Amino acid sequence: MFLYNTLTRKKEEFIPIDKEEIKIYVCGPTVYDYIHIGNARPLCVFDVLRNYLEYMGYNVKFVQNFTDIDDKIINRAKEENTDYLTVSERFIKEFKKDSKGLNIRVANINPRATENIETMIAIIKELIKKEHAYILDGDVYFRVKTFKNYGKLSGQKTEELEFGIKTENQSKEDLLDFALWKASKENEPSWSSPWGKGRPGWHIECSAMVLKFLGKTIDLHCGGRDLIFPHHENEIAQSECYNRTKFCNYWLHNGHVNIDNMKMSKSLGNFLTVRKISEKYGYEVIRYLMISSHYRSPINFSTENIKSCLNSLKKLYNFKENLIFARKNRSSENGKSISEEVENYKILFLDAMNDDLNTPEALAVIFKIVKKINIFLSEEDATFSMESVDNVLNMFNELVGILGIMYKDQKIKLDEKKVNSLLKEREIARKNKNWEKADEIRNVLKENNITIEDTAQGVNVKMFEN
RNA sequence: GGCGCCAUAGCCAAGUGGUAAGGCGAAGGUCUGCAAAACCUUUAUUCCUCGGUUCAAGUCCGAGUGGCGCCUCCA
């Protein structure tokens, strides 16, 4: 499998440190609000990565943190007249709800910054001892000039970086130095440290949690491309100065979700929450949208785009339902085999995934399978071998499962008995050419998310939300 | 000032130097009591522009135009 590594700016073959346990760290959310649609992107694409690695037979240890102490959380707590813990607890819950909706598997470990402050303090102590960091009025700063490779991830030279830098503390030794520890202001949550009361800087959190839960060197570190600088650059600096070894082999960065071609962000205020969109269109279409472009490309969010994705998903659901219908009603011992022609497509799907997770290509392969099989199904008089139908169904479920779509449950609001009696009633009406009544029953069922289609082989009852 | 990304049909979107995947939408047709679903046909002689390399360029090189991101918090 080839992955684009930001560190080398090339697609590289993925070679794990230890096949028995691939170590992935994904930067998680700062929990001060509902996640926005941009946050959904790394969740979805790196969940696909995880699925695919496991599909290939690797064991994966997947760690995603919660940044649960930060200025924004403190501010929100102040606004709501409550404490930071109430805010972070609340939005961790909401995060989990949205994640579940998006069919994101729960990480093996979800460490919280505030639960790992001891590790951070230990690292900072050592960095001070090694003169990679210094104390300044209760703050601790990382001395960037002591790390020769600073800039290796972002491709930046330190001299050039200084050009555009904006900083709040002018008394730092160097403009590039960043905070490892921040002295606390009055009435703010704080932890005691050798440098007085305070709280950790953002970058050290991730370094500490990576070290504690995954070790000194990890396979994959993932996040949005806006994290390349300074966040990930700083993580490398801290961790490599502390561990004296390479921090991470492959850095993966997803592209942004834009709105009107502008980056969607909480600071710009042009963001849409996952919750809001899911209330209108459902969660699944958000996930579909995320895999419909390559993970490194930008996505421009629009309702037109969402609606197009909804229709595509509908086509896939119809396909699956029609196959299940064919299995029940159109299979016979001497039936046509439909799976052989489609077996090669699985290889094409895997080729696409192996090529830096080319999910749009992988989706195209799925639609090619759908097309091929639909041509078989469109032959009205044909019957099919049940085994081959099962093969296709299994393959379809397998591929779609890697992408993490098609997970919506059938939702039946009416009980089965009632549905069956309505169906019988409709059949009688149809025999008597009482079209009005037949259509009325069809509408009633439709209102309950049950779609019925009259086919040559009988009535195809589809029970999913449209 | 530096680093980087992007430009392919009405929309979304792949594309490894070998003659433009796939999805949505639209139009017409088949099937159907009507639908639905599905199938068939049509929908980019051309990939922002201009040069260059090559037998061959959407793909490589150069210049230009337009858009975006990072260097403050960000996914």
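Nothing here was measured: the structure is a model prediction, and the numbers come from that model.
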Just N and O in the side chain of [X]: are any of them under 4.0 Å from OP1 or OP2 of [N]?
X        : N     : answer
A:Ser293 : B:A13 : yes
A:Asn311 : B:C24 : no
A:Asn374 : B:C39 : yes
A:Asn460 : B:A36 : no

Among the nucleotides [options], which one has an atom lying closest to any side-chain atom of [X]?
X        : options             : answer
A:Arg225 : B:C34, B:G4, B:A14  : B:G4
A:Lys368 : B:A14, B:C11, B:G22 : B:G22
A:His294 : B:C71, B:G33, B:A14 : B:A14
A:Asn305 : B:G1, B:C12, B:A75  : B:C12
A:Leu161 : B:C31, B:A75, B:C71 : B:C71
A:Glu361 : B:C31, B:C68, B:A14 : B:A14

(message) Applying ring pair (Phe, Tyr, Trp, His ring centres under 6.0 Å) to A:Phe142 and A:Phe147, what does each step give before you reach the verdict?
(response) CA-CA 10 Å; A:Phe142 184 87; A:Phe147 182 60; 7.1 Å; no
(request) Salt-bridge test for A:Glu321 and A:Lys462: reply yes if a basic N is under 4.0 Å from a carboxylate O, no otherwise. (result) no
(message) Under 4.0 Å between a side-chain nitrogen and a carboxylate oxygen: does that hold for A:Asp71 and A:Lys185?
(response) no
(request) Would you please indicate if the ring centroids of A:Phe91 and A:Tyr34 are separated by under 6.0 Å? (result) yes
Checking all strands, does [X] fall into the base, sugar-phosphate, or nothing category for heavy-atom contacts under 4.0 angstrom?
X        : value
A:Val26  : nothing
A:Asn300 : nothing
A:Ile452 : base
A:Lys263 : base

(request) Assess whether atom NZ of A:Lys97 is packed by more than 12 heavy atoms of other residues, nucleotides or ligands within 6.0 Å. (result) no
(request) Check if the side chain of A:Asn261 and the base of B:G66 share a donor-acceptor pair of N or O atoms closer than 3.5 Å. (result) no
(message) Both A:Ser292 and A:Ile228 contact RNA chain B. Which one's nearest nucleotide lies toward the 5' end?
(response) A:Ser292
(message) Using Watson-Crick or G-U wobble geometry with both distances under 3.5 Å, which nucleotide pairs with B:G1?
(response) B:C71
